Every structure is written in structure tokens, then in C-alpha cells.
There are 4 protein chains.
Amino acid sequence: MTPKRQAAKSAAAPRKTAATPRKTPQQDRSRAMVARIVDAGQEVLIRYGYDGASTNRIAEAAGISPGSLYQYFPNKDAVVTAVIERYNTAVTDRVRDRVLANFARSPEVAVPETISDLLDALGTHRELLRAVVEQTPRLTSGATVLAFEQQIGELARTALTMRRRSVPSDVDFDAAAWMLVRAVEHLTIRYVLDSPPIPRDRFLADITRLVLNYFREPLRAEYE
Amino acid sequence: MTPKRQAAKSAAAPRKTAATPRKTPQQDRSRAMVARIVDAGQEVLIRYGYDGASTNRIAEAAGISPGSLYQYFPNKDAVVTAVIERYNTAVTDRVRDRVLANFARSPEVAVPETISDLLDALGTHRELLRAVVEQTPRLTSGATVLAFEQQIGELARTALTMRRRSVPSDVDFDAAAWMLVRAVEHLTIRYVLDSPPIPRDRFLADITRLVLNYFREPLRAEYE
Amino acid sequence: MTPKRQAAKSAAAPRKTAATPRKTPQQDRSRAMVARIVDAGQEVLIRYGYDGASTNRIAEAAGISPGSLYQYFPNKDAVVTAVIERYNTAVTDRVRDRVLANFARSPEVAVPETISDLLDALGTHRELLRAVVEQTPRLTSGATVLAFEQQIGELARTALTMRRRSVPSDVDFDAAAWMLVRAVEHLTIRYVLDSPPIPRDRFLADITRLVLNYFREPLRAEYE
Amino acid sequence: MTPKRQAAKSAAAPRKTAATPRKTPQQDRSRAMVARIVDAGQEVLIRYGYDGASTNRIAEAAGISPGSLYQYFPNKDAVVTAVIERYNTAVTDRVRDRVLANFARSPEVAVPETISDLLDALGTHRELLRAVVEQTPRLTSGATVLAFEQQIGELARTALTMRRRSVPSDVDFDAAAWMLVRAVEHLTIRYVLDSPPIPRDRFLADITRLVLNYFREPLRAEYE
DNA sequence: CATGAATGAGCTTTCATTCAT
DNA sequence: CATGAATGAAAGCTCATTCAT
């Protein structure tokens, strides 16, 4: 009932093997194994949730024995953390690419463009996103999400610095980056997970306004 | 090993006591018991985290037997949920009070005032906040946090509606409330939990700017 | 959700009370209470089975507190035993009546008549019968069923003795009664509980044949 | 406290061992483990009864950890059922062998012969028989006992069919088999468990008479 | 290095029974 | 005598982790 997928690559190719410039085959095998386990972990995490994701199930999904799993990961949470990290990296990379691609454009275009892409990125694996959001705090005490937030925050700070001329002098770049990155991240995630009754266009327009208006001189209080 | 209930209501009120038609002592006892269990649950949750918060531990912390706990709560998660709900209610009530108290004031004053108080409220039980944030998604699939968000969201919508004259016509009140409430909530929580290197005043000023500027007419793109 | 049926008989009737020749009202109350508990026990036993029949549930069904139940029965099994005993007594009495009523008739008529009535008696509370059959062995190690078997066995022996002239001399009345009573009892119970694909008439005819033919001289083996 | 498996297979078979293509040692180990658990279950069941037969106790008696038990059985009742089934199979096989061995003989000889052997079979593990009889209804709703009854019933029907010439035409083979098999089974079990004051010879003679006389033409009622 | 059987601490939950009120 | 809150032993069962093979 649980196919064991036993080592398929047994049929050796004696001669040519030595020739191939196999760089550290050991490490390659290991890397592949790790990847397979992370794949399995992601699969199981999505299907069964954190509590249902037992190491036995992950090992089984990876086609290895539970004992072997522990050769690559010290414990269950390490696997889950790896899944989360890989996901974060993927999303971060994608967002960074998009930010860089839009670097030359005006903020009015670049911001909704980027967030739209972020919505797509997060929506691709909704259930994984849910699992990540639910488990991230317990596992990494924010460390991993920070990876995303820090990198993107860095980008944001850079972008701001480059445009510093058109930014009011009272803006603290660090604080602004911290705030906007988190706000955008959180709102986007909740939009994807909670599906509020707000059309996508409206959401994009509003979040863009939130970001761009932030950089305008604050209005003086008119009365009171 | 099984400490009997500690007599609490010792502070006597000599004269009037006999006269007061103290109704439903049964219910009082029961209420007190529930409160004690929720107290214990909170304590254990903070100290050991969700997974370490076994029913046995909670019962012991409450000074009752594991069996008694189940006379008041149907299962472990019910206890944890009660802890979270109580916390949410406390914070929500406090914020609502503050919002109402500032209703007449200008937004430039009311917004930082309110958020400052929210910071205080959340900071009072940092570790509990952490536990709540970590466990809420698994237990209530957002339902409880939504209790906060919805109530405060309602308030925000009301406030917006009352000032509708000074709000740009292109603002969708529902969408705006959804967004701003979540943004403020999340940023405040992260500020308390992550303690970023941003002075409190700066944070308050910036988040106020984020909120207030949102309601200004969007700037036309100047170039590109 | 669980109506407590609190003491209704509080409104006293001062004068007349003393006059009524109430024989040991204490004992009457007690007897009534026992009966109520046994009723409740039977109800719960039928609905939830032995394992699901907790003392709390029985007490609740009887409209009393679990503590009170223990004033009338020393433990759970005592209640269940009482239920079983009452059921056995009822069936036994009914069968005995029928046997006596048919005493003058020929066995060819009396036997199916009696068994038919037994079928009716057992079929009236099929689910109770099932519960009794399943639980009797564990609780009474046969003692209670024996009450039935012994009484009816006694009857059978008497009947046999009275007809001893027409019974072969090689019949041991005790052994025959033991055997036939048990055979009839068991077959009837299984017929009611298992509902085999045998018409009732056929069953009655066959079991009658089993009983009556038993009393004929055994046939000599003809060959071998 | 956690006795490791005791090396069993010590008796070596020096020469041939290496040669024999002993297939699936895995399965052998597993089978042996299952057998050991069933043994332990039987032991515990006899000693402590169903309710006292906790999985922990069974595991301990089997010399394994509670967790291991669940690698072989999904739950407690599965173990108990296995014990019952093994017992039933053993008795059934034995009886079937005996019936077949006596197939050619006259019923007057074969019937007591077979029942005598059944008495022996059941008497060998009296306490187990008691446990089985007490627990069978709750666990299998008769299914397992039916296994016995059906198999033997089948045999009986076959035997009847083969001798159909000497059986009165008014006999319904199915009904007769249903009835006689159950009657014999039940009487034998009760005889073993209750030890009534009936000598074994008498019991055998009487039950034989019960069975054989059943197949004679019913007597016409003489009077009434 | 892979395996997977074995581990066993620990969990949640139930329920017959008691006893202070 | 009634109450019912409280008890607490004990149950069935899971699963992250280990280790002999």
C-alpha cells in the first residue's frame, strides 16, 4: 500500500562512469536526498498539516526509511524548517527579480506591478503558504520570515536611497522599510489566505496608495 | 499531590454579607473554576508553549485533577482557545474604549493616541501575545483574531463614515478598514514582539503617517 | 440540557397523611427509587451498550445524582445485574404461566404453544435481550441465566415426572431437563437475535420435533 | 523493564541451513511476532479477563513495548479477536477432521465419537473457552462463532445430503443443520463450562439421542 | 550508509466512586 | 438522605527517535 520505490539506479554503466567529471558525487547524492526529503515534507505538510506530518509519513513519501531521514536532518522540525526556508527563498528570489526589473520605472507602476506578482507567487501554493504562516512562528521565532523581510527590506532601502531626492527629508529609511515591507507582506498574505470580498484591482490600487502616499509630506492638522 | 481548592473569598464583609441576596453561588463557583483553569492555561502556555501545555500540566497548575478540568472544558484546545479569547477580549475592549474616548478629537491626535495605547496593551503580556500569535491560526483558523479585527474594523468603518466629508470619494470604506486595521494590528504586534531598532516615537509617528496619508488623494504620476 | 426533575412532592397534605395506612413509607420510597434506577439502567443499556452505560448516564436517566445511585446500588455492575435479573424474572414468569396453562394438553400442542410464547416474550425487547446475552456471562458467571434455566428446568422435570408412564425408562429426568431446557433456550434466543432464514412455523415445528422425538426409544442401529 | 526479544531460533541445522532457500525471513519474523502477541493476549485474557487485558499488559507479556504491539495490530480488540479466531480455527479444524474420519461409520457411532472429541477439544482450554464465550458477542457480533457454526453446519448439511435416502422427506436440511449444530455446540460448551452433575457417558448418550431421534418421523399425537 | 523494527515516554480522555456540603 | 463537584487511576494509542543488522 505504500510503494517503497527501491533504488532504481542500480544498473551500472562501468566504463563511462569514471570519465564523467562528477564533482563530489557523494555530495550530489546527499543534496539530491535532501531535496527529495524536502519535497516529501512539503507534500505531507500541505496534505496533513503540521501535526499530521509525522516523520514516518515524510520518510515514506520520500521513499526512504525513517532511519535514513535522520541521516540528513536532525529532527522533524529541521525538515519543516527546510521546507519553509526553501519556500521563502523561492518567493524572495522571485520578488527581488521583479523589483529589480522594475527599478527604472516610476513607483506608480513598479509598486502595483511587484505586488501583483507577489500575489501570484503566494497564490500558487496557497496551502503551503498557510502551513508556512501557521508554523513559521513556532519554529523559527521569526528568523525565517525575517530572511524574506530583511532581503526585501534591504532592497526597499536601496530603492529609497536611490530616490532620496524625491522623498521627504523626515523619512527614516530604515523605519520606513521595516514598516512598509511588513505591511505589504502581511496584507498580501492575508488577502491570499482570507479571500476578503475585495476585488484584486481594488486591492492593488489601495495597497499602492498606502505605500506611495506614505512618502508624501504629512498634512498639517487643520483644526482642533 | 492533589492540592484542594484554596479558600479565596476570605476577605469578609461582616455586616452586609448575610443580607446580600448573593444569587447562584453554584454559578459563581463554576465561573471561578473556569477562570482558574484559564489562568493556569495561560501560565502553562506562556511557560511551555502549546505542545508542552498538556492537560495534566494545566490541571496541576490550576490545583485540580485532570478529570475535573474536563468538567469545565471538553478538551485541551478548548482551554487554549479560552485563554486566547480572554486575551483578545481584553485587548479589544481596551482599544475600543480608547477609540471611543478619542472620537471627537482630530485624527492627527486620535490615531497615535490609540496606537500608543495598543502598544501598551500588547506589551503588558508580551509572552502571552507571542503564544497567542503562534497558536491562533491552528486553533481558530483566524476566527478569533478576526474577532478583534472585525470589531475594530467595524469601529474604523464607523469612524470613516462619520468623517466621510473629509475623505476622498474614491475610498472604499470596507476595503480601507480591512487594510488599515490589519496593517496597524500586524505592525504593532511585530513591533512589540520583534523589538526592531526603531524608537517608539518614531514608530508612532510613522504608523500615524501611514494611516492618515492613506486618505489623501493619490498623487498623479509625474513622469515615466 | 439534562432536566433534573427536582422533588415535586413537596406540597404537603398535613392532616390526611397520618391517616393513610402507609406501610413503611421509607421502604416504599426506596423500592420506587430502585425501580427507577433499574428502568434507567435498562434504557441506557439498550441505547448505549454495556461499555457506554456509565453510572453517570444511568443516574442522569433516572433523574438523580450519581452519588444517590450509590445509595441504592454498591456499584455499576449491581445495577446491570438488577436489570438482567428483572428481565429474567419477567420472562421466566411468563413462560412458567404458559407452561402451567398448557399442563393438561398433549405435548404435541403444549410444546409449540409454549415456545411460540417464548419467542414472543424474547422478541419484545430484542435489544435488551442482546445486551443481556452479551453481558450475562461476565457479570453473573451464569448464575442469573441459571435462575431461568433452573426454574424452567424444575418445571420440565415436574412435567416429565407426571407423565413418567409414557416416557421411556432409560430417560434420566434431570439430564433430560438440563439438556432440553438449555437447547430450547439457546435456540430460541439465537432465532430471535440472528434471524436465520427459517420461517417461524418451520422453526416451531422443528424445535417441537427435537423435543418430542427425544423421548422416543432410541432406534437400534441397523447395521455396521 | 523492557526485555528485549529472547533469541529463539538457536537450534542450528549446520549443514543444510545455508542451502535451504529460506524465503522471506522478514515475514517469518513478523509472523513469529504476531504469534507471540496472540500467545500473550491469550494468556492475559485468561488471567485478567477482557477488561483487565490492557494493551500494556499484553505487550509486557509478549516481551515487547506497547508501541510495537501496534505495529502488528491496529488496536486492542484486534488482538483479542485474533486470539478468539485462532482458538476457533483450532477447534473447528479438529472437529472437521474428526467428522471426516467418521464419515463412513454409522451415525450411531459417528455422532458420539465426534461430540466426545469436541468435549475434549473444548475442555483443553476451559478458561480460554470461557473468555471466548464471554467476549465473542461484543467483538464479532457473532461473526466468529458463526465461522465455526457455518463450517460445521456446512459439514452437517453435506452429511445429511449424502444420507438423504434414510432421512424423512419432511426434513429441511438447512433448518436442521442450523438447529442441530447450534444445539450441540451450545450444550457441549455449557457442559464443559458449567460442569453439571451429569456423567460424561450419560451426556454423550443423551446428546446423541437428541440428534439421531430428530431425524425420525414425528409421532402422531395419540390423544387430546 | 540504509533499513525499519522497536522503543517508551507521554498524551488526551473517561468514568466508577467518594465525600463535603 | 441528596447532591454533584472532584477525584485520580488507568486506559488506549502515537510518534520522534534510535540502533542492531
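All heavy atoms count here, side chains included; hydrogens, waters and symmetry mates do not. Naming convention: chains lettered A, B, ... in sequence-line order (proteins, then strands); numbering from 1 in each chain. All values reported here derive from a predicted model rather than from experimental measurement.
- Atom-to-atom, CD1 of Ile58(B) to C1' of dC11(E) comes out at 12 Å; the value is rounded to the nearest Å.
- Listed pair Ser65(A) / dG4(E) fails the phosphate criterion, with no side-chain N or O lying under 4.0 Å from OP1 or OP2.
- Atom pair Met33(A):CE and dT3(E):C1' shows a separation of 13 Å (rounding to whole Å applied).
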Let me have the donor-acceptor pairs involving side chains of residues 67-74 of chain A, under 3.5 Å, with sequence neighbours excluded, atom names and distances please.
| unit_1 | atom_1 | unit_2 | atom_2 | d |
| --- | --- | --- | --- | --- |
| Ser68(A) | OG | Ser65(A) | OG | 3.1 |

So what does the secondary structure string of DNA chain F come out as, 5' to 3', with Watson-Crick or wobble pairs under 3.5 angstrom, [ ] for crossing and | for pairs with another strand?
.||||||||||||||||||||
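- What separates CZ of Arg57(C) from P of dG4(F) is a distance of 18 Å, to the nearest Å.
- Annotation for Ile58(C) and Ala53(C): closest pair CD1-O, 4.2 Å, computed over non-hydrogen atoms.
- Every side chain to side chain contact (heavy atoms under 4.5 Å, CB included) that Ile46(C) has, sequence neighbours left out, goes to Gln42(C), Glu127(C), Leu128(C).
- Rounded to an integer number of Å, the gap from OH of Tyr72(C) to C1' of dT3(F) is 12 Å.
- A straight line from OH of Tyr48(A) to P of dC15(F) spans 12 Å, rounded to a whole angstrom.
- Between atom CD1 of residue Ile64(D) and atom CZ of residue Arg36(D) there is a gap of 7.0 Å, rounded to the nearest 0.5 Å.
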With B for base contact, S for sugar-phosphate-only contact and - for none (protein heavy atoms under 4.0 Å), nucleotides 16-21 of chain F reads BBB---
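- Rounded to a whole Å, the CD atom of Gln71(B) is 14 Å from the C1' atom of dT13(E).
- Once rounded to the nearest 0.5 Å, the distance linking CZ of Arg130(A) with CG of Leu45(A) reads 12.5 Å.
- For the salt bridge (charged side-chain N to carboxylate O under 4.0 Å, His left out) test, no residue two or more places apart in sequence or in another chain qualifies with Asp77(C).
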Test log, rule side-chain contact (heavy atoms from CB on, under 4.5 Å), inputs Thr55(B) and Val79(B):
CA-CA 9 Å; Thr55(B) 49; Val79(B) 180; 5.9 Å; no
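- Listed by first then second residue, pairs satisfying salt bridge (charged side-chain N to carboxylate O under 4.0 Å, His left out) with a partner in residues 40-58 of chain C read Asp51(C)-Arg138(D), not counting sequence neighbours.
- A straight line from CD1 of Ile64(C) to C1' of dT3(F) spans 10 Å, rounded to a whole angstrom.
- Taking CG of Asp39(C) as the start and CZ of Arg86(C) as the end, the distance is 4.5 Å to the nearest 0.5 Å.
- The distance from atom CD of Glu60(D) to atom C1' of dA6(E) is 16 Å, rounded to the nearest whole Å.
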